[in-house]
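A quick write-up on the structure given underneath.
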Protein chains: 2
Amino acid sequence: MSVISVENKPVLQLLDDRSPDVRTEFLNNLAGYRLRQVSNAFMSDFAAAMTGTGMRPVQVSILSVVDENPGVRQGEIGRALGVARANMAPLMAELEGMKLLERIPDEADRRAVSVFLTKSGQAMLKNCKARIRAHEHRTLGRLTESERKTLLRLLNKI
Amino acid sequence: MSVISVENKPVLQLLDDRSPDVRTEFLNNLAGYRLRQVSNAFMSDFAAAMTGTGMRPVQVSILSVVDENPGVRQGEIGRALGVARANMAPLMAELEGMKLLERIPDEADRRAVSVFLTKSGQAMLKNCKARIRAHEHRTLGRLTESERKTLLRLLNKI
DNA sequence: TATTGTTATACTCTATAACTATA
DNA sequence: TATAGTTATAGAGTATAACAATA
């Protein structure tokens with residue numbers, strides 16, 4: 001958290017400034033290690049970008065999935081996001097308690113529930129998306145447009 | 001875990017197979033989101049690669065830093081790896097208990113300890129490094145050598 | 001005063017097992 | 001039998017505060 005900048009400065013001051021006398025050559029050349037460092041820095045900046053909204057990253061991702069799939073079943077959201085069923089239950093109850101989404105029993109399959117965004121949920125998602133766009137702009141500020149596309153292409157290829 | 005392959009198959013079956021009927025367009029175009037997915041998949045494969053050694057990723061990274069910096073102080077390791085001092089204490093005690101490293105009080109600064117790998121620690125690190133090389137080969141199998149270099153370059157630039 | 005290392009603690013995320021009600 | 005959702009629980013990772021010893 002302390003090494004993350006919210007202004008237009010480097011996202012990662014990790015290996016530039018951190019303990020300059022300590023060698024970390026092996027780790028630095030591991031793609032997986034760098035990926036985790038960068039991913040953690042993104043997550044910290046993402047969480048900071050949500051400050052004031054009361055939303056955590058996983059909550060925003062759920063709203064986004066419901067927005068693009070109105071009426072989607074709870075289990076489907078979890079599968080799409082990689083969140084275990086057992087962990088979806090309290091997450092959904094929390095978002096329902098915040099009046100951001102509604103869970104309506106599915107009449108065809110009475111075990112399941114269909115999920116919809118409320119007006120509040122739509123407004124919250126819109127607010128969060130604007131913050132996320134600013135977050136991406138900050139965190140990818142050092143890359144050209146072409147480099148960003150390359151990065152996404154390589155990540156999608158892995 | 002269940003979607004991660006340890007053979008020479010795709011590391012990520014995430015958005016290819018997962019809930020094909022659920023749209024996740026907004027999230028898919030966020031670099032931060034894809035970074036996290038890929039990073040998590042790497043971590044899962046990494047952890048799986050360590051099976052049988054009794055080592056977790058953070059423990060291997062500590063051994064690696066001590067190996068490249070014999071006599072380094074405990075706090076320096078934590079700073080280099082982004083692990084808080086408070087969390088380094090039990091980690092180091094654990095590795096010392098496994099006889100993989102030694103902590104020798106620093107005579108110049110008696111608050112500090114200098115850390116060294118034992119013979120066991122050196123052997124363990126060698127074993128883990130071999131597993132990590134195989135892990136990187138698996139996880140980056142879909143990328144050409146040139147693409148791997150580009151990926152590392154872009155990650156380092158962020 | 002500041003720093004090294006320690007302890008205690010708490011919060012989030014993740015993972016598993018067992019339960020219900022439906023199918 | 002299998003599936004949707006729930007509950008309880010446990011583990012790892014991470015964060016802060018307070019402390020003792022030393023600088």
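Letters A, B, ... are given to chains in the order of the sequence lines, protein chains preceding strands, and every chain is numbered from 1. Everything numeric here is computed off the predicted structure, so don't read it as measured data.
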**Prompt:** Are the side chain of B:S114 and the backbone of B:R73 linked by a donor-acceptor contact shorter than 3.5 Å?
**Reply:** no

**Request:** Return the value, rounded to whole Å, for the distance between atom CE of A:M43 and atom C1' of D:dT14.
**Result:** 13 Å

**Request:** Have a look at B:A112 and say if it touches a base, only the backbone sugar-phosphate, or nothing, with a 4.0 Å heavy-atom cut-off.
**Result:** sugar-phosphate

**Request:** Report yes if at least one side-chain N or O of B:R110 is closer than 4.0 Å to OP1 or OP2 of C:dG5; otherwise report no.
**Result:** no

**Request:** Quickly work out the B:N40 CG to C:dT14 C1' distance and round it to whole Å.
**Result:** 10 Å

**Prompt:** Considering only C:dT7, D:dT7, C:dC13, which nucleotide approaches the side chain of B:A86 most closely?
**Reply:** C:dT7

**Message:** Within the 4.0 Å heavy-atom criterion, would you say A:A108 contacts the bases, only the backbone, or no part of the nucleic acid?
**Reply:** sugar-phosphate

**Asked** Would you find a donor on one side and an acceptor on the other, under 3.5 Å apart, between the side chain of B:R148 and the backbone of B:L143?
**Response** yes

**Message:** Just the rounded figure in Å: distance from P of D:dG13 to CG of B:L81.
**Reply:** 13 Å

**Asked** In terms of the nearest nucleotide of DNA chain C, which residue is placed more toward the 5' end: A:L91 or A:D106?
**Response** A:L91

**Asked** Is A:R111 near enough to D:dT6 that one of its side-chain N or O atoms lies under 4.0 angstrom from OP1 or OP2?
**Response** no

**Message:** Output the rounded distance in Å from CD (A:Q59) to C1' (C:dT12).
**Reply:** 12 Å

**Message:** With a 4.0 Å cutoff (strictly under), does any side-chain N or O of A:R79 reach OP1 or OP2 of D:dG5?
**Reply:** no

**Asked** Do you know which of B:R131, B:M50, B:M124 makes side chain to side chain contact (heavy atoms under 4.5 Å, CB included) with B:V60?
**Response** B:M50

**Asked** Within the structure shown, what part of the strands sits under 4.0 Å from A:R85 by heavy-atom distance: base, sugar-phosphate, or nothing?
**Response** base

**Request:** Using whole Å, report how far CZ of B:F46 lies from P of D:dA12.
**Result:** 16 Å

**d(CD, A:E94; P, D:dT7) in whole Å** = 14 Å

**Message:** In whole Å, I'd like the distance from the CD atom of A:E107 to the P atom of D:dA4.
**Reply:** 19 Å

**Spacing between B:M88 atom CE and D:dA15 atom P, to the nearest angstrom** = 14 Å

**Request:** Would you mind telling me which of D:dT22, C:dT16, C:dT14 lies closest to the side-chain atoms of A:A84?
**Result:** C:dT16

**Message:** So if I take every side-chain heavy atom of A:A89 and compare against D:dG5, C:dA23, D:dT6, which nucleotide ends up nearest?
**Reply:** D:dT6

**Request:** Classify the nucleic acid contact of B:N87 as base, sugar-phosphate or nothing, counting any heavy atom under 4.0 Å across all strands shown.
**Result:** base

**Sole candidate of B:E102, B:M92, B:Q74 that passes side chain to side chain contact (heavy atoms under 4.5 Å, CB included) when paired with B:V113** = B:Q74

**Prompt:** Base, sugar-phosphate, or nothing: which does A:V58 touch, judged by heavy atoms less than 4.0 Å apart?
**Reply:** nothing

**Message:** Could you check whether any side-chain heavy atom of A:S64 comes within less than 4.5 Å of a side-chain heavy atom of A:L125, counting everything from C-beta outward?
**Reply:** yes

**Message:** Students often get this wrong, so: under 4.0 angstrom with heavy atoms, is A:A93 touching a base, only sugar-phosphate, or nothing?
**Reply:** nothing

**Request:** Please confirm whether the backbone N or O of A:R36 pairs with a side-chain atom of A:S39, one donor and one acceptor, at under 3.5 Å?
**Result:** no

